[in-house]
Amino acid sequence: MLVIRAVVLFALLFLLALVGAWLATHDRKYLRIAGKTIQVVTVLVVAFALFYLFERVLLFL
């Protein structure tokens, strides 16, 4: 759980920096990188949630 919190925290800081870079330059590549980052973090969180769910189900049996 600590690892996923750290990943999300660093991703939020990274996204904040990307938005700042976009505001400074108005270059759309920063928005594309931010979109890909959101997708990757979402996949990681869903994978971790499924792993946690399966672990709890297997321990329950």
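Legend: ring pair (Phe, Tyr, Trp, His ring centres under 6.0 Å) pairs involving residues 11-31, not counting sequence neighbours, sorted by first then second residue: Trp22-His26. Screening residues 39-61 for ring pair (Phe, Tyr, Trp, His ring centres under 6.0 Å), with sequence neighbours left out, gives no hits.
Follow the hydrophobic side-chain contacts under 4.5 Å out from Phe10 and you never reach Val3; the two are in separate clusters. Linking ILVMFWY side-chain heavy atoms closer than 4.5 Å, directly or via other members, places Val45 and Met1 in a single hydrophobic cluster. Each of Leu12 and Ile38 belongs to its own hydrophobic cluster when Ile, Leu, Val, Met, Phe, Trp and Tyr are linked at side-chain heavy-atom distances under 4.5 angstrom.
Between atom CG of residue Leu58 and atom CD of residue Glu55 there is a gap of 8.5 Å, rounded to the nearest 0.5 Å. Separating the CG atom in Asp27 from the CZ atom in Arg32 is a distance of 7.0 Å, to the nearest 0.5 Å.
Contact check for Leu31 versus Arg28: side-chain heavy atoms found under the 4.5 Å cut-off.
Contact record, Leu44 with Ile4: O-CD1, 4.2 Å, taken as the closest heavy-atom pair.
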